[in-house]
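As the structure lists them, so they are numbered: ligands from 1, and atoms in each ligand from 1. We use all heavy atoms of the structure for the numbers below, so side chains are in, but hydrogens, waters and symmetry mates are not.
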Amino acid sequence: MSLIAVANEVEKGFNEIPIIDLSHIDDPDPAAKAALVASIRDACINVGFLYVKNHGIPQEVIDGALGAAKDFFSLSEDKKMEIVNTKTPNYKGYNPLFSSSNDPDSDGDMHEGFEFGWEELVPKINDEKRANDGVMAGANIWPDEPVSFREAELTYYHAAVDLGRKLFPLFALALDLPENFFEDKTKNAAALMRVLHYPPQTGPVDGRTVGIGAHTDWECFTILWQEPGIQALQVLNREEQWINAPPIPGTLVINLGDQFARWTNDIFKSTVHRAINRSGVRRYSIPLFFGTDYDVKLEPIPSCVSPDRPPKYEVVTAGVYVKEKLKATYGHYYPRRSPSTHAYFVKEYGRNVYIRGPFPWDQRLFTLDPVTMNHILQHTTVYEKPWPSRRLISNLIGVGMLSAEGQVHKRQRRVALPAFSAQTMRALVPLVFNKATELRNKWTSIIREAGLKEGQSHLINVCSWASRATFDVMGSAGFDYEFNAIQDGDNELLRAYSEMFEVAVSRPQGHLRTTTILYFPTINSIFPDHTMRFIAKCQEVIRRVAGRLIQEKKRKIAEAEASGKSYQAKDLLTLLLKSNSSVDLAPEQRISDEEMLHMINTFMFAGTDTTSLAMTWTLYLLAKYPDVQTRLRTELLSAMPSTPIESLTEDEIQSLYAVIAELPYLDNVIKETLRLIPPVHSSIRVAMQDDMVPTSSPLKRRTADGEIVEEHVKQIHVPKGTFIHVPIEGFQLDKEIWGESAWSFNPDRWNELPAPVQELPGIYSHLLAFSAGPRACIGTRMSTIELKSFLFTLVSNFTFTESETHKIGKANVVLTRPYVAGQENEGSMLPLLVAPYIPSSE
Ligand code: HEM
Ligand SMILES: O=C(O)CCC(=O)C(=O)O
Ligand SMILES: [Fe+2]
């Protein structure tokens, strides 16, 4: 009977998973072998899953791998992040909680893992297998602790690979193929192994947050060890019921993957499965995925194809297939960890959660309740910025508005407010346009010098250019000073500022600080000596150069006044100085020259990188969503005057900007970027006294017998000293507030916002991106002018495309910055392919 006929006869689906005894695997008796093959064939055709007993992997080897895995996962997050998988081209190393999405519709898998591929236990100089294994190519990365980790995992790996090598002939026989059919296709053992850790999950399960989302495996077959005693794995049968696949002592699970389904034209099943750990304790599992060599073509075996069963799959190369899957699973353009962690908290514990920080005094309120957050951000005398984060900022830029509290802050904010009024901000428009045009010209000449032909594009690190541009704008709009950063960047003051700010986000152990700085601000508040000396040097330059600017300005204002005129410059410093000397200001409310310097520093610090990141992320999202880019460009071009921008008068620029400011799609695109990727990821406050805080969502509490009960209360008690996490991104990506599509980029959502959005505090379109209340951002208008003017100029003149070879990741290092995967140590970067826009090309 043909294989297809057999399949047709026995194909009946399943309600349980067969257990197959491998003790006869080497039995010379043909009948014993045939019986084994028949039972395997039945399992492969009907279930795609089977258990094997007497598999031959020694218990000590399993115990060793498990023990080392447990030790590894109990290391600190920072330690594990040293070998995070986005640093390698093929996702070897550590994948943090929620960083993978086996089910693309999920909110990320609720497990952390470690992945590696072929490697000899005793490394060989010329490891042919490793050199030849294509997709798996590139060295594994191992943690330096636990010290036995590499050896323990590799020992299990080789035992499992040996088992896999014995299984291939059985599968071949089950397919009526010669026993050695797969031999020349698996020379390099393209086997990937993962060790996985699933934290317990007790909150409601809604399919979006599960240990590992519903998926099929990608290779030929998987050898899966699961921790005894913990049910988590489930397999989907034909009736779409989830069948439990509990660990059975002494067995391993073998399940078939997509490569086999493709070889066999779906006669062998690659069955959907998932894992949810609701046991209340941690769970570990170890899958080893056994595929064919990289270059093997996944062509259907002739006996699996007939006129009635035509080929179901396009022929692809095995390695390419796995590579694509790896990218889809691990290569999100930004990690889902942070929003998933927030969603997980809400699901498990509700919208108001107390969490314990790393220190005994560190009790934190984590809230995603809009009513609670509004109270906290409005009551700035009760909720101050905690001293550790204030000290961090003050150490760098002095006590300016960002880090001051109480009377000092009030005084500074009062003096500064007039300088940021709508009217004075509008006066800056021509100056911002000048800078945008300068950047456009710079890019045009860079592209021209590259000698590009029509239709070609040039790789431009937009992140660095946006940063130069916003420094220039702040220099000239802020204090009438030309950094000339767009031109050459070689300016003493520019270097002092950028190097000093770099320190704030530097990488202490050669890896990025993640959100740690926000969650645990004390760790970073005390700089080591050599860093302090470096900062002192930068501060000395700033004091000298910027101090001189203040004195010069004061002299000019005084000179003008002496001659009966008023000094007419539009920069913030002039306005500040004027506002500070205004007759209605009592002398004790004036700020000193020293404080004035700290204000300048604060604007440099708070107003440049934030805006340049907003610009950078917008260009990135436009590259990522070409339809949005085209639609935006069409809108922008409709506002383009026939006269070149350079020849417009200041008044004409003002009228042009008045039109641009009202363009609806541009506005939507900017809002949507600031929502999806807010430059400031989160902030923190501390309660200076006991307080009763209003809440609009139930509190969850665990009773003595472990049950979770919900209490409907109107207020919660916040004791003095409690830290309050301000989850800016958390609110902006909340699916219960913004709807199911909250994590995707959709500028049109702003035409019709869901009702719960209106409840959000936030000074800018309900977003918390600029915060809310008396300590909200003072520069919202200024950054909007910058964003609109620059995007207008850049998007109408250039096209932006993602670079295939630069995978972009996002890290919260004080601000949310882009990094190129594998090049994190080179600093923040966002290379995009840029080409001049030629009207007929669209
Ligand atoms: C897209 C660009 C910007 C974003 C996303 C942004 C965001 C924020 C946020 C979230 C805060 C509150 C910080 C906290 O509570 O910890 C803040 C405060 C502040 N921002 Fe901005 N900002 C931007 C641009 C600017 C600009 C252009 C300036 C110009 C000078 C500026 C000056 C300030 C100042 C002085 C504060 C402190 C206000 C206070 O505490 O009274 N920002 N900003
Ligand atoms: O942990 C488990 O039981 C399942 C793991 C799995 O399906 C996978 O990693 O592909
Ligand atoms: Fe799987």
Side-chain angles (χ1 to χ4, degrees), residues 100 102 109 111 113 115 192-198 211-219 222 224-227 230-235 245 247 253 255 257 270-277 283-289 329 377 380 385 389-390 393 400-405 409-410 412-413 416-417 419-420 425 470 473-474 477-478 518 572 599-600 602-615 617-618 670 673-674 677-685 726 728 762-764 767-787 815-816:
S100 65
N102 269 274
D109 297 318
H111 70 249
E115 172 160 329
L192 288 175
M193 179 168 139
R194 277 181 209 142
V195 282
L196 304 176
H197 165 220
Y198 297 81
I212 187 165
H215 69 283
T216 56
D217 290 353
W218 319 323
E219 293 82 351
T222 306
L224 172 71
W225 177 85
Q226 8 174 16
E227 192 175 10
I230 301 178
Q231 159 59 44
L233 181 64
Q234 294 183 314
V235 179
V253 169
N255 65 289
S270 176
T271 302
V272 174
H273 54 285
R274 67 178 186 186
I276 308 173
N277 175 18
R283 171 195 188 246
Y284 300 85
S285 73
I286 310 178
L288 180 129
F289 307 95
T329 305
L377 293 176
T380 48
K385 298 189 181 176
S389 51
R390 280 163 55 196
I393 296 170
M401 240 193 295
L402 206 54
S403 62
E405 284 294 348
H409 174 263
K410 221 169 172 171
Q412 294 182 345
R413 186 132 181 151
L417 268 176
F420 288 90
M425 280 298 127
T470 51
V473 171
M474 191 54 81
L518 292 155
L572 297 177
M599 297 271 269
I600 293 184
T602 301
F603 297 158
M604 286 301 296
F605 185 71
T608 54
D609 269 8
T610 42
T611 310
S612 80
L613 285 165
M615 209 182 285
W617 286 120
T618 312
I670 291 173
T673 305
L674 286 166
I677 314 183
V680 182
H681 166 271
S682 43
S683 187
I684 192 159
R685 298 289 185 270
V726 183
I728 294 178
I763 52 161
Y764 176 79
L767 291 176
L768 272 183
F770 295 97
S771 190
R775 296 300 301 257
C777 182
I778 202 171
T780 312
R781 282 199 192 96
M782 179 165 177
S783 59
T784 315
I785 292 175
E786 287 185 69
L787 289 172
L815 299 178
T816 302

**Q.** Thr611 neighbourhood, listing ligand 1 atoms whose heavy-atom distance to it stays under 4.0 Å
**A.** 1 (C), 2 (C), 24 (C), 27 (C)

Q.
Measuring from non-hydrogen atoms of Lys385 to any atom of ligand 1, is the shortest distance under 4.0 Å?
A. yes

Q. Quick check: does Ala606 get an N/O under 3.5 Å from an N/O on ligand 1?
A. yes

Q.
Checking contacts here: is it the side chain or the backbone of His111 that comes within 4.0 Å of ligand 2, counting heavy atoms only? Could be both or neither.
A. neither

Q. What is the nearest protein non-hydrogen atom to atom 23 (C) of ligand 1, stated with its residue, atom name and distance?
A. Thr610 OG1, 3.5 Å

Q | Best match, Phe605, Trp617, Phe603, Phe770: closest heavy atom to atom 6 (C) of ligand 1 | A | Phe770

Q: Just say parallel, tilted or perpendicular for the rings of Tyr284 and His197, cut-offs at 30° and 60°.
A: parallel

Q: Please could you name the atoms of ligand 2 that Phe289 approaches to less than 4.0 Å, counting only its heavy atoms?
A: 8 (C), 9 (O), 10 (O)

Q) To the nearest 0.1 Å, how far is atom 3 (O) of ligand 2 from its closest protein heavy atom, and which atom is that? A) Arg283 NH2, 2.8 Å

Q.
Under 4.0 Å, heavy-atom basis, I'd like to know which part of Thr222 is in contact with ligand 2: side chain, backbone, both or neither.
A. neither

(Q) Among all the protein's non-hydrogen atoms, which is closest to atom 40 (O) of ligand 1, and how far away is it? (A) Arg775 NE, 2.7 Å

Q. Which is it for Ala776 and ligand 1 at heavy atoms under 4.0 Å: side chain, backbone, both or neither?
A. backbone

Q | Protein contact of atom 12 (C) of ligand 1 - nearest heavy atom, named by residue and atom, plus distance | A | Ser771 CB, 3.8 Å

Q) What is the closest protein heavy atom to atom 14 (C) of ligand 1, and at what distance does it sit? A) Ser683 OG, 3.4 Å

Q: Check whether any side-chain heavy atom of Phe420 lies under 4.5 Å from a side-chain heavy atom of Arg781, and answer yes or no.
A: no

Q | Qualifying residue for side-chain hydrogen bond (donor to acceptor under 3.5 Å, both in side chains) with Asn255, from Thr216, Asp217, Thr271 | A | Asp217

Q.
Can you report which non-hydrogen protein atom sits closest to atom 36 (C) of ligand 1, along with the distance?
A. Leu402 CD1, 3.6 Å

(Q) Please check this pair: side chain of Thr816 against backbone of Pro678, looking for a donor-acceptor N/O pair closer than 3.5 Å. (A) yes

Q: Indicate yes or no for a side-chain donor-acceptor contact from Asn277 to the backbone of Tyr198 under 3.5 Å, with no hydrogens or angles considered.
A: yes

Q | Side-chain (Gln226) to main-chain (Ala245) donor-acceptor, under 3.5 angstrom | A | yes

**Q.** Any Ala232 heavy atom less than 4.0 Å to ligand 2
**A.** no

Q | N/O separation below 3.5 Å, Arg194 to ligand 2 | A | no

Q) Can you tell me which residue and heavy atom of the protein come closest to atom 42 (N) of ligand 1, and the distance to 0.1 Å? A) Cys777 SG, 3.0 Å

Q. Considering only the protein, which heavy-atom contact is closest to atom 5 (C) of ligand 1, and what is its distance?
A. Ala769 O, 3.6 Å

Q: Tell me the protein N, O or S atoms under 2.8 Å from the Fe ion (ligand 3), in chain and number order.
A: His215 NE2, Asp217 OD1, His273 NE2

Q | Nearest neighbour of atom 28 (C) of ligand 1 from the list Gly773, Ser682, Ala772, Gly607, on a heavy-atom basis | A | Gly607

Q.
At less than 4.0 angstrom from any non-hydrogen atom of Arg413, what atoms of ligand 1 do you find?
A. 38 (C), 39 (C), 41 (O)

Q | Element-labelled atoms of ligand 2 that are located less than 4.0 Å from some non-hydrogen atom of His215 | A | 6 (C), 7 (O), 8 (C), 10 (O)

Q. Is the side chain of Ser771 donor-acceptor paired with the backbone N or O of Leu768 at a distance under 3.5 Å, no angle test?
A. no

Q) Distance only, no hydrogens: is a donor on one side chain within 3.5 Å (strictly under) of an acceptor on the other, for His111 and Arg283? A) no

(Q) Show me which atoms of ligand 2 lie under 4.0 Å from any heavy atom of Pro287. (A) 9 (O)

Q: Pick one of side chain, backbone, both or neither for how Leu196 approaches ligand 2, counting any non-hydrogen atom pair under 4.0 Å.
A: side chain

Q) Which of the numbered atoms in ligand 1 are below 4.0 angstrom from a heavy atom of His409? A) 39 (C), 40 (O), 41 (O)

Q: Answer yes or no: does an N/O atom from Met401 fall short of 3.5 Å to an N/O atom of ligand 1?
A: yes

(Q) Quick check: His273 with His215 (ring centres under 6.0 Å apart)? (A) yes

Q. Near Phe420, which atoms of ligand 1 are under 4.0 Å from a heavy atom of that residue?
A. 29 (C), 30 (C)

**Q.** Under-4.0 Å heavy-atom contact with ligand 1, by part of Val680 that carries it
**A.** side chain

Q | Expected output: side-chain Lys385 to main-chain Leu402 donor-acceptor under 3.5 Å | A | yes

**Q.** Under 4.0 Å to a heavy atom of Ser285 - the qualifying atoms of ligand 2, by number
**A.** 1 (O), 2 (C)

Q: Check each atom of ligand 2 against the heavy atoms of His273 and keep those under 4.0 Å away; list them by number with element.
A: 7 (O)

Q: Measure the distance from atom 35 (C) of ligand 1 to every protein heavy atom, then report the residue, atom name and distance (to 0.1 Å) of the closest one.
A: Ile778 CG2, 3.6 Å

Q: Among all protein heavy atoms, pick the one closest to atom 4 (C) of ligand 2 and tell me residue, atom and distance.
A: Tyr198 OH, 3.7 Å

Q. Which is it for Asp217 and ligand 2 at heavy atoms under 4.0 Å: side chain, backbone, both or neither?
A. side chain

Q. What do we get for Arg685 next to ligand 1 when only non-hydrogen atoms under 4.0 Å count, side chain, backbone, both or neither?
A. side chain

Q. Any sub-3.5 Å donor-acceptor pair from Asp109's side-chain atoms to Gly213's backbone N or O?
A. yes

